[in-house]
Undergrad: 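The following block contains the structure, expressed as structure tokens.
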Amino acid sequence: MLKKYELALKARENAYAPYSNYFVGACLVLKDGNYIIGSNVENASYGLCNCAERSALFSAISQGYKKDDILEIVIATINKIPGSPCGACRQVISELMDSEALVTLINPTLTNTISLKVKDLLPYVFTGEELNEK
Ligand code: THU
């Protein structure tokens, strides 16, 4: 199995999801050959839950990586049809990853793997450019 898939599935096992029992893992593939993983981390105060995609991306930015350093995000769930990123994550992915970068959705058996581009995740996306317009 490709390392990026193994790591996303491993990250899924690391998820802290005692409330939803929905375990999600993410793995960023970086241009320099490194990988960064993230898991969903829940909280008894439900609104504080963080998705796996955002855990991975915030970790990458915290480690000094920039938009152009990220080639792909692999997202792992156990679903027969692999789970899809939520709206909040689509917004964050759209800002922190290149529009041509890949989003790949997998499950443990690697059946029904779906791959699309960041630009296809969120049509008519809100960007920082709009903040400067009057
Ligand atoms: N979750 C993710 O980690 N990624 C998504 O894109 C969808 C939702 C998590 C958040 C929460 O911990 C659990 O899945 C149920 O919503």
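The first residue in the sequence is number 1, and the count goes up from there. Both ligands and their constituent atoms are indexed starting at 1 by order of listing.
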Undergrad: Name the residues with a heavy atom less than 4.0 Å from ligand 1?
TA: Ser20, Tyr22, Val24, Asn40, Glu42, Cys51, Ala52, Glu53, Ser84, Pro85, Cys86
Undergrad: A side-chain contact here means heavy atoms from C-beta on lying under 4.5 Å apart; do Val125 and Glu95 qualify?
TA: no
Undergrad: Do Ile106 and Val74 make a side-chain contact, defined as non-hydrogen atoms from C-beta onward lying under 4.5 Å apart?
TA: yes
Undergrad: Tell me whether Ser62 contacts the main-chain N or O of Phe58 through its side chain, where contact means a donor paired with an acceptor under 3.5 Å.
TA: yes
Undergrad: Are side-chain N/O atoms of Asp32 and Tyr65 paired as donor and acceptor at under 3.5 Å?
TA: yes
Undergrad: Can you establish whether the number of heavy atoms outside Glu100 located under 6.0 Å from its atom CD is more than 12?
TA: yes
Undergrad: With a sphere of 6.0 Å drawn around CG of Leu2, does it hold more than 12 non-hydrogen atoms of other residues, nucleotides or ligands?
TA: yes
